[in-house]
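In what follows, chains are A, B, ... by sequence order, proteins preceding strands, each numbered from 1.
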There are 4 protein chains.
Amino acid sequence: MSGTTQDATGATNAAPKRQRRGDTRQRIQDVALELFAEQGYEKTSLREIAERLDVTKAALYYHFKTKEDILIGLFQDLQRPIDELIEWAGTQPRTLDTKREILRRYSVALADVAPLFRFMQENQAAVRELSVGETFKDRMIRLIDTIKEPDAALTDQVRCTSALFTMHAGMFVLRDVEGDPEEKRKAVLEVAIDLVTQAHAGTQSSGS
Amino acid sequence: MSGTTQDATGATNAAPKRQRRGDTRQRIQDVALELFAEQGYEKTSLREIAERLDVTKAALYYHFKTKEDILIGLFQDLQRPIDELIEWAGTQPRTLDTKREILRRYSVALADVAPLFRFMQENQAAVRELSVGETFKDRMIRLIDTIKEPDAALTDQVRCTSALFTMHAGMFVLRDVEGDPEEKRKAVLEVAIDLVTQAHAGTQSSGS
Amino acid sequence: MSGTTQDATGATNAAPKRQRRGDTRQRIQDVALELFAEQGYEKTSLREIAERLDVTKAALYYHFKTKEDILIGLFQDLQRPIDELIEWAGTQPRTLDTKREILRRYSVALADVAPLFRFMQENQAAVRELSVGETFKDRMIRLIDTIKEPDAALTDQVRCTSALFTMHAGMFVLRDVEGDPEEKRKAVLEVAIDLVTQAHAGTQSSGS
Amino acid sequence: MSGTTQDATGATNAAPKRQRRGDTRQRIQDVALELFAEQGYEKTSLREIAERLDVTKAALYYHFKTKEDILIGLFQDLQRPIDELIEWAGTQPRTLDTKREILRRYSVALADVAPLFRFMQENQAAVRELSVGETFKDRMIRLIDTIKEPDAALTDQVRCTSALFTMHAGMFVLRDVEGDPEEKRKAVLEVAIDLVTQAHAGTQSSGS
DNA sequence: AATGAATGAGCCTTCATTCAT
DNA sequence: CATGAATGAAGGCTCATTCAT
């Protein structure tokens, strides 16, 4: 009824949610990821998250409708780079060079979202039934599809899959191997590229 | 809760209700694995396990001191074949042929304990802090050590690690790829052997 | 179990169900004391307390972090008068008159917190390991110290201890003796004062 | 305290139970007392008792029909000395000397059954409702009756009660006071005798 | 934008007890 | 004399969620 002044949010926002003083949502996600990654999704309670943020549990419910929603929010934020990569890959010619570039970009992207990725890896069971679970697997499959030829030999398909998983595994398993992280990343990337290169070669010769 | 399955004892049940006494412990583990794998460790309650076995929760506690203990029991079953493999590897000369045989055996062992393995893979977060968690990673490392040369190039070390993870990943990811399981297993094994072969070759030439 | 008392809100209940909000914590303590005293700490379940208050168990946990915490809260209420007495005693000269006054005040204080005291007396075993157990004994010792001379003869020390315990015991044992409570309290007090007086006299003469 | 009764089974006992290999019942009681005293009746589980005896819980049920029964057994064994004292008191003239002797004997008896006594004192709440609870309080009252004159002044009645409680309290509270136990026992006894003597004197003069 | 209070469901665990063997 | 296996009941506690304020 008094109308207009209520929505001070109004005027300028061409892009929504421009507010400086509304970082709570973000802080919730940050803390949540931290705890989810550390203890697992199921084992992390909203109480813990709230406590670490020094707000009440009820406050969380102002920003997220459910616990799962926090996870979904998290998920979407950090899934974007992968989506962009897949999209980009779609615009490129299906050459070996492109595939190599996909792996390179993926390697970088992976390093950026490492904590979330680790979390996803370690909580597959908990996340599977979540409305978001399918999406994750789908994304993986689509990504694999960008580097593997559908009519390739089974072994070459395995190679492409393996290339991706090598990169995933690399992050966790190599953690307690000697050496500088960047160097390790490169080594992992090299092996992955190798695998894809072999797969590609196989496809070419069998194809021609 | 109490009387639910009483009537199921009736006509159609192909599996007998009153199996030979003394197998309860085993049956608990079987059902537990089934449910843990399906829903995750945290999300599976003892009530569910008990109900499916048509015993009371308290009965579970006669056989296992805690929920975690059920998991540990499961875990040890999984560990045995791997331990045996590691032990066997220790007795063999460190040749390429040996390494290939290790992978072959591992592939078979893995197929045997697949559900358990899948569970472990998907519940790392839940299993990590389990008094037994360390052991699992340790075992992996020791297994990798049987196929990788300590002074090899970083990429070759990655290859060996990748060989193992390829086999792990193969079981889950390739599940929704066309083709007969045994054929897929062989393809995966082939790629793994390839990786180790390359790693071995690299080591040889750099060593000489 | 859930909705049982919903309808009890109805006509006949003389005590109002919806007391002024905010007193819940106090009400929990009141009911808890009542039940603890009646049945013992261990034998009283949170369910009982909750049921009698017509709230859920979980509500108790909003106000107290644990069952033991309810006891501790209770305890602190009991402690306050005694602490104040000890503190006051510290400010007074160590004369016989002071000691007599301590007993007088203690007698009154005791009558005020009688139920709680009775509970403590009767649940020593249950309370002993509880963080609150030590504190209780300490308090007794410090109180005794205010009336007994450290260098007194052993018998006189016993007399002082006995004076205090006479007052404790008096409350419970004399309950089924004939006579008006106030009169009994006075008789008990008189004996206690007598004991301390004797102890004091002994100390004086032996000291001079 | 542990093995005390082992040898007492020996020669002199006219009562049956002649078997050497049937001390299990006794051992159960010993261990039970030990644990009850240490942790309280409620907090001690049959599992603990069984474990410490290295038998199964079910074995306990061969010897005692219920957990409470163990307590009752314990109770009866150790209540005997008090009953005997009361009985003996009944045969004596009601003189001051007799009263003093009662106290002396009680003091000794108390020292013998100290652990049980302590347990009873500290577990009144748990023991109260036990079919045997009344008996304990009754016994106390009857014992007090042997040293107090029914028509005495209230203060003198308190003195007699106090005399008994002094002895009870003495055992527990004086435990962390300096000095040899036997000396302390005597000091406590002396004060108790003093109290009864005063009470007796009061009665005499008011009576004449 | 957030809190205080409470709920309902469920969880893991423990206990005293029973009974066929 | 004692065990192995199991039960029914209950216990303390935690969790995601709600809602009036």
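- The nearest whole Å value for the distance from the CD1 atom in C:I49 to the P atom in E:dA6 is 15 Å.
- Legend: residues meeting salt bridge (charged side-chain N to carboxylate O under 4.0 Å, His left out) with A:D69, ordered by chain and number and at least two apart, are absent.
- A donor and an acceptor atom, one from each side chain of D:Q39 and D:E48, are located under 3.5 Å apart.
- Both C:L60 and A:L60 sit near DNA chain E, but only A:L60 has its closest nucleotide nearer the 5' end.
- Applying the side chain to side chain donor-acceptor pair (under 3.5 Å) criterion to D:E38, with sequence neighbours excluded, gives no partner residue.
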* A:E51 and A:K57: CA distance, side-chain angles, deciding distance, salt bridge (charged side-chain N to carboxylate O under 4.0 Å, His left out) verdict -> CA-CA 8 Å; A:E51 247 162 35; A:K57 266 186 299 178; over 6 Å; no

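- When side chains are defined from C-beta on, C:I49 does not count as touching C:V55, because their heavy atoms never get closer than 4.5 Å.
- Taking atom CD of residue C:Q39 and atom P of nucleotide F:dG11, one finds them 10 Å apart after rounding to whole Å.
- Listed pair A:Y62 / E:dA2 fails the phosphate criterion, with no side-chain N or O lying under 4.0 Å from OP1 or OP2.
- Atom CG of C:D54 and atom C1' of E:dA6 are 12 Å apart (whole Å).
- Distances shorter than 4.0 Å separate none of the side-chain N or O atoms of C:T24 from OP1 or OP2 on E:dA5.
- Partners of C:Y41 by ring-ring contact (aromatic ring centres under 6.0 Å, His included), not counting sequence neighbours, listed by chain and number: C:F36.
- Residue C:D23 contributes atom CG, which lies 11 Å from atom P of E:dA5 at whole-angstrom precision.
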* Structure fact -> Given Watson-Crick and G-U pairs under 3.5 Å, DNA chain F in dot-bracket ([ ] crossing, | other strand) is .||||||||||||||||||||

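- Here F:dG4 presents its C1' atom at 14 Å from CZ of B:R25, a figure rounded to the nearest Å.
- In terms of the salt bridge (charged side-chain N to carboxylate O under 4.0 Å, His left out) criterion, C:E68 has no residue partners (sequence neighbours excluded).
- Between the CD atom of A:Q124 and the CD atom of B:E122 there is a distance of 5.0 Å, given to the nearest 0.5 Å.
- Using a 4.0 Å cut-off between charged side-chain N and carboxylate O, D:R52 and D:E34 make a salt bridge.
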* Classify every nucleotide of nucleotides 14-21 of chain F by which part a protein heavy atom approaches to under 4.0 Å, writing B for the base, S for the sugar-phosphate alone and - for neither, in 5'-to-3' order. => BBBBBB--

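- Residue B:H63 places at least one side-chain N or O closer than 4.0 Å to OP1 or OP2 of F:dA6.
- As rounded to whole Å, 12 Å separates atom C1' of E:dG10 from atom CD of B:E51.
- What separates CG of A:L53 from P of E:dA1 is a distance of 16 Å, to the nearest Å.
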